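Here's the structure, in structure tokens; my notes come after.
Residue numbering restarts at 1 for every chain, and letters A, B, ... go by the order of the sequence lines. Computed from a prediction, not measured in an experiment: that's the story for all the values here.
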Amino acid sequence: MRMYHVVEIEEIHEEAKDVRTFLFRDSSEPKPGQFYMIWLPGVDEFPMSISHIGEVKGFTVKKIGAGTARMHELREGDKLWIRGPYGRGFEIIPGRALVVGGGSGMATLAPLIEMLPNADIVIAARTRDELLFLERFRERKPWIATDDGSLGFKGFATQLAENLLQDREYDVIYTCGPEPMMLAMVNLARKYSVGIQASLERYMKCGIGICDSCSINGYRVCVDGPVFHAEELFSMTELGKVRRAPSGRKEVMR
Amino acid sequence: MRMYHVVEIEEIHEEAKDVRTFLFRDSSEPKPGQFYMIWLPGVDEFPMSISHIGEVKGFTVKKIGAGTARMHELREGDKLWIRGPYGRGFEIIPGRALVVGGGSGMATLAPLIEMLPNADIVIAARTRDELLFLERFRERKPWIATDDGSLGFKGFATQLAENLLQDREYDVIYTCGPEPMMLAMVNLARKYSVGIQASLERYMKCGIGICDSCSINGYRVCVDGPVFHAEELFSMTELGKVRRAPSGRKEVMR
Amino acid sequence: MLEIELNGIRFRNPLILASGILDESGETMLRVARAGAGGIVTKSIGMKERAGYENPVVYELPDSQGLLNAIGLANPGIANYGEEMRIAKGGGVPIIGSIFGSTPEEFAFLARRMEEYGADAIELNLSCPHAKGYGMEVGVDKELVEEIVGEVKKSVRIPVWAKLTPNTHDIVGIAKSVEKADALVLINTVRGMAIDVDARVPVLSNRFGGLSGPCIKPIGVRAVYEVRAEMEKPIVGVGGITTGRDALEYIMAGANAVQIGTAVYLRGLEVFSLIAKEMEEWMERNGVESIDEIVGAAQRR
Amino acid sequence: MLEIELNGIRFRNPLILASGILDESGETMLRVARAGAGGIVTKSIGMKERAGYENPVVYELPDSQGLLNAIGLANPGIANYGEEMRIAKGGGVPIIGSIFGSTPEEFAFLARRMEEYGADAIELNLSCPHAKGYGMEVGVDKELVEEIVGEVKKSVRIPVWAKLTPNTHDIVGIAKSVEKADALVLINTVRGMAIDVDARVPVLSNRFGGLSGPCIKPIGVRAVYEVRAEMEKPIVGVGGITTGRDALEYIMAGANAVQIGTAVYLRGLEVFSLIAKEMEEWMERNGVESIDEIVGAAQRR
Ligand SMILES: Cc1cc2nc3c(=O)[nH]c(=O)nc-3n(C[C@H](O)[C@H](O)[C@H](O)COP(=O)(O)OP(=O)(O)OC[C@H]3O[C@@H](n4cnc5c(N)ncnc54)[C@H](O)[C@@H]3O)c2cc1C
Ligand SMILES: Cc1cc2nc3c(=O)[nH]c(=O)nc-3n(C[C@H](O)[C@H](O)[C@H](O)COP(=O)(O)OP(=O)(O)OC[C@H]3O[C@@H](n4cnc5c(N)ncnc54)[C@H](O)[C@@H]3O)c2cc1C
Ligand SMILES: Cc1cc2nc3c(=O)[nH]c(=O)nc-3n(C[C@H](O)[C@H](O)[C@H](O)COP(=O)(O)O)c2cc1C
Ligand SMILES: Cc1cc2nc3c(=O)[nH]c(=O)nc-3n(C[C@H](O)[C@H](O)[C@H](O)COP(=O)(O)O)c2cc1C
Ligand code: FES
Ligand code: FES
């Protein structure tokens, strides 16, 4: 399933501010953490994690630029051209798990959470409107953090996570979110000697491991990742600090 | 198994005047009547029927020109580049069978004969030295015909065959040999209302059904044949009469 | 639904047998017509009988990517071709007579004979060896091809198609130099070679050969698209077409009809009816009622 | 057994990473070196930072036949490339700096900077767009490429490799026009296109792209064979090499070393050590002790 296959959007759900889920059916068999390249012909092509797995699949897309804005204009019955699933997804480790999702990072983590019925969950965002999948995981009683305190813990996901790490024994942390947050989570994992898997996002062109545009310290996010494990993450001097522009030029993050 | 595979000649047997068998092993699975294209790098490439089937396979080659002469110079341990098996082989029909082989046509029929323990066999040639596989089929008590009477029946294979057809009931005739002989056998089959399968030989270039050089009345010998059945043979106005030069020009046979 | 008209000739479908594949003998062409081809291009016929190159003349690439061939313009010669044409015409589909020569006069002579034999159109095979250059083809010499097309156009009344070689950096320039042709056929085979590592020699007796089949499809689609972007003339697309989608891809690039060669090997003689069915299915699903609606649909101008 | 020397540079094996594949960042090149490549060509670097074309920039052909790409010469610009070179050099294998420009002077400037950055040789990417012509490449203009090579040769002391485009009818003529180069690299990608039938548009945002991978191997082998038949100069073969046999095929055609691009995708980063092992196995079985013994073995003169 490497070439484009065309799927029809069956349902569109409003998830949060500027975030929509597009549900479709196809026969590909993604694992949590894997992604697809979505092509909107004549517009753009960009990577998206799978946010719903099973017969009905989904992408949960935050509107941030021209491409995602055009995707938000699509209606039920419209088509998507997708190739994938690509990359290495999450590896489920036996034991007690903490899942920490920041912003639209929850899209990537959602299908993993469904496969980890006993995991503790932290859902974080800048503000209440941006919290993703509160409803979907209501019964799982997620911990909630907002930067502005508009819901749940007031502060960063990492602060809330550190509280949990102090109180409880975890075997592994799964995380996805803004890179500085993931870097902080990696540091926490080291501090508390807990395993960690983080799903990274980098600018992608080919999605199949040849163009080098998504590379971080020699790791290709598109095929070696997007999910990386503790030792790899510890070795990444660029994590949360340096990224590459579409030209390949290094630039300091935000 | 369409590309060249290289096989090593394990044994070479002298079969008759100017006729040698080259035995080799490979993993292809030919049926009686199928053929291979044999490439002698730097020399020539030509079609050859499989004459021995099983783990150890063989080609039985009559020296008639530059290419086959070079093949006769090969020694045990030398290599052959072959592609195949190609074409439609014999279809084994239940019932009483008569097999009629003329000259090197016996090479094509030999593996079929081994699968038909009750068939009657006619081995024919111009003269005693050219009779093929007398030893191989000794226990099968073949009928023998030579044009010059140097062994067995004096006369054409077709005359001997007609005698047999008058005496016995056959369900099917299998034949391979010079085209005029096969044409006569086709006429006999019609006369005596017996089924017939004949394996034809035409000038071949591609061996895979695209170049049209082996065609006879719109049938491609390399893929539609080389084995043809009664109705097809009856419809071939060119059989035994007209063939095509390597240029594609029609020419009258001998 | 698939019916088209090209240079005033009606084709029941736009799937034409390409030159050089199963089109040497009249009866084989008859069979191809019965198998569903919309039209047939004959093998390229020259002034004199030619046996072509020694075997091996065909090499198959792995994984059904295509073929490499060096048949060497084997043909019975124009004098011997009348009978084959007569038989082929019995198939009821247009027969396009392909010819090759080394001078404009030869091309013109051959075209007249083909017209006499009843050809519905002439296809000029401009990928024949050029007198001048090492491995060069007639078809890269703009002045020469312009002259050939001019001579032939003066000599016959039936439409003249110019078949171009892809072995050039300037397919558009060459297409423009044969503007007098009634249609352009794009593309002939791509110059290639295969070496057998164990034998340590090139496989084809001629060493070099022409690449055909799926592996050249992106080259053919590109050529059609580039030429269509600059010219209105009818285009017949050829190169690697194996499925209905492949045919549609060429048509959307700008082809009015297509030719099928190597796929006859890959999918058998049924390939014409299979592709026709695949095209019809796609057209029905997508509400397209005729080929003309989608010719050049992918052009962005 | 696989060790070679080319222009006085030692390569532990003749399997060099081709330009444009995993060679933008220093650390990725380091990783490729550790994975077993005998040498590395950097991504083609130009005067200024370029983001390249919009996505999609890569299209995968069916059945592992290859890729179509239109990255659009994305690169961080020569000024930003020193640090990447410094890191890449840590891999202990020769680093060849690939450059592209639009004038001989630009090429010369870029070559000097690459030399300062520690490049072991320069590779001139002559497949960049030509100022003059529709879809034409710098590399088909014999006078221009002769001048480029001349300028660059005057500007640096390290060897200069000229990488030629296959999109021409006259690869031998072009090769002769860059005679001053220390080695020839054959071939760059073949111009192609893919259209998505359902979307009815070309897939690549640039519409046209370069074809690479197994489907172009017969074209590359032919180019190497043709040039080797006429010239003694070292040749680096590239185009579709995926297995040890493919590499041997290029070497027997006349290549002294080879480059590997698309196969990194098809077989992973292990492709270098896999191909090296396949070559060694064949060489042992066939009593061949060094690559030099079989360079051009398939030439029939
Ligand atoms: C593996 C992976 C999984 C992702 N999963 C999701 C997801 O589930 N939900 C979601 O909302 N977003 C996800 N993203 C991010 C998503 O790809 C970008 O939001 C999208 O590409 C923005 O496109 P645009 O045209 O709207 O933005 P633009 O205006 O083009 O750019 C805005 C920003 O988006 C990012 N971006 C743009 N193009 C790309 C690209 N080709 N590759 C990577 N980043 C790009 C860059 O940071 C850029 O600065 C994922 C990214 C990656 C790499
Ligand atoms: C399907 C098939 C099966 C065959 N099986 C056998 C077999 O089992 N044993 C055997 O001895 N012979 C067999 N032949 C015949 C064999 O192919 C020819 O004897 C051989 O090609 C002669 O080659 P040459 O170079 O020695 O002769 P040349 O000197 O090149 O030609 C002599 C004659 O051989 C025939 N011939 C030459 N080249 C070809 C060709 N490419 N295709 C067909 N015929 C050719 C022609 O009649 C020609 O006039 C078979 C032929 C076919 C078509
Ligand atoms: C065996 C073979 C013989 C060919 N002979 C001719 C020919 O005589 N004249 C010609 O114009 N093209 C000839 N061609 C080229 C085809 O007509 C066609 O242009 C090419 O094969 C690409 O189409 P395909 O990929 O569908 O085969 C030949 C091709 C093959 C494979
Ligand atoms: C994604 C991609 C990017 C490429 N970028 C460049 C480049 O920047 N400069 C260059 O000279 N060649 C470039 N090429 C061409 C390759 O170096 C090589 O010549 C071609 O791909 C054929 O080799 P392959 O079949 O092994 O890939 C690129 C090829 C690909 C697939
Ligand atoms: S996106 Fe091209 S290597 Fe990852
Ligand atoms: S040998 Fe080519 S069609 Fe039979």
Side-chain angles (χ1 to χ4, degrees), chain B residues 1-8 37-48 65-67 78-84 86 88 202-224 232 235-238 242-251, chain C residues 18 20-32 34 43 45-46 48-64 67 69 71-77 79-81 83-84 87 194 196-205 212 261-266 268-269:
Chain B
M1 293 284 278
R2 289 288 164 104
M3 314 269 306
Y4 291 114
H5 46 289
V6 186
V7 299
E8 192 183 303
M37 294 299 283
I38 304 185
W39 179 40
L40 308 180
V43 182
D44 197 1
E45 187 191 44
F46 43 74
M48 279 293 150
D78 283 346
K79 281 167 179 153
L80 293 176
W81 276 250
I82 66 178
R83 54 187 176 104
Y86 286 136
R88 180 175 67 164
R202 286 288 165 128
Y203 197 89
M204 286 186 182
K205 293 185 174 182
C206 72
I208 56 174
I210 56 166
C211 74
D212 209 14
S213 65
C214 67
S215 294
I216 170 168
N217 290 111
Y219 291 101
R220 294 163 297 174
V221 172
C222 65
V223 296
D224 302 319
E232 295 160 335
S235 77
M236 290 178 185
T237 57
E238 296 176 356
V242 174
R243 63 173 192 181
R244 282 175 193 270
S247 68
R249 182 178 46 78
K250 279 188 191 173
E251 55 187 19
Chain C
I21 291 94
L22 293 183
D23 46 12
E24 186 171 84
S25 93
E27 287 188 85
T28 312
M29 289 190 264
L30 208 54
R31 199 168 154 208
V32 172
R34 294 203 178 117
K43 183 153 209 171
I45 306 298
K48 287 195 311 244
E49 178 180 1
R50 271 174 70 106
Y53 299 128
E54 297 274 293
N55 278 356
V57 293
V58 173
Y59 178 75
E60 196 186 336
L61 302 177
D63 307 319
S64 300
L67 298 171
N69 91 80
I71 299 282
L73 295 167
N75 81 98
N80 292 310
Y81 211 63
E83 172 69 0
E84 312 293 351
I87 297 170
D196 187 286
V197 166
D198 294 308
R200 305 191 196 183
V201 294
V203 176
L204 301 175
S205 77
S212 65
T262 302
V264 175
Y265 164 59
L266 296 172
L269 280 172

Checklist line | Heavy-atom pair count under 4.5 Å with chain B, highest-scoring of C:Asn75, C:Val58, C:Val264 | finding: C:Asn75
Next item on the list: Working to the nearest 0.5 Å, report the span between SG of B:Cys206 and CG of C:Leu22.
Entry: 7.5 Å
Checklist line | Segment of C:Tyr59 engaging chain B (4.5 angstrom heavy-atom cut-off) | finding: side chain
Check: If you count heavy-atom pairs under 4.5 Å with chain B, which of C:Ala199, C:Gly268, C:Ser205 comes out on top?
Finding: C:Ala199
Notebook entry, point to check: What's the shortest heavy-atom distance between B:Met3 and C:Pro62, and which atoms?
Noted result: SD-N, 3.8 Å
Notebook entry, point to check: Excluding sequence neighbours, so at least two apart, what forms salt bridge (Lys or Arg N to Asp or Glu O under 4.0 Å) with C:Glu54?
Noted result: none
Notebook entry, point to check: Under the side-chain contact (heavy atoms from CB on, under 4.5 Å) criterion, do C:Val203 and B:Trp81 qualify, and how do the steps go?
Noted result: CA-CA 11 Å; C:Val203 176; B:Trp81 276 250; over 6 Å; no
Checklist line | Proximal component of C:Ser25, with respect to chain B [non-hydrogen, under 4.5 Å] | finding: both
Margin query: Using a 4.5 angstrom heavy-atom cutoff, name the option from C:Asp196, C:Thr262, C:Leu269 with the most pairs to chain B.
Written below: C:Asp196
Note to self: Report which part of C:Asn80 has an atom under 4.5 Å of a heavy atom belonging to chain B: side chain, backbone, both, or neither.
What the structure shows: side chain
Checklist line | Residue selection (most heavy-atom pairs with chain B, distance under 4.5 Å) from C:Glu49, C:Met29, C:Arg200, C:Arg50 | finding: C:Glu49
Note to self: I'd like to check the side chain to side chain donor-acceptor pair (under 3.5 Å) partners of B:Glu238; sequence neighbours left out, ordered by chain and number.
What the structure shows: none
Notebook entry, point to check: Name the one of C:Asn69, C:Leu67, C:Ile71 that satisfies side-chain contact (heavy atoms from CB on, under 4.5 Å) with B:Ile210?
Noted result: C:Leu67
Notebook entry, point to check: At a heavy-atom separation under 4.5 Å, does C:Leu30 approach chain B through its side chain, its backbone, both, or neither?
Noted result: neither
Next item on the list: Measure C:Leu61 against the heavy atoms of chain B and call it side chain, backbone, both or neither at under 4.5 Å.
Entry: backbone
Item checked: Test: B:Arg244 and C:Glu84 ion pair at under 4.0 Å -> yes
Notebook entry, point to check: What part of B:Met37 lies closer than 4.5 angstrom to a heavy atom of chain C: side chain, backbone, both or neither?
Noted result: side chain
Next item on the list: Check step by step if side-chain contact (heavy atoms from CB on, under 4.5 Å) holds for C:Asp198 and B:Lys79.
Entry: CA-CA 10 Å; C:Asp198 294 308; B:Lys79 281 167 179 153; over 6 Å; no
Item checked: Closest non-hydrogen atom pair, B:Ser247 against C:Glu24 -> O-OE2, 3.6 Å
Checklist line | Top contributor to chain B contacts, counting heavy-atom pairs under 4.5 Å, from C:Asn55, C:Val57, C:Val201 | finding: C:Asn55
Notebook entry, point to check: Does any heavy atom of chain B fall under 4.5 Å from the side chain of C:Pro202, the backbone, both, or neither of them?
Noted result: backbone
Item checked: Region of C:Arg31 in contact with chain B, defined by heavy-atom distances below 4.5 Å -> side chain
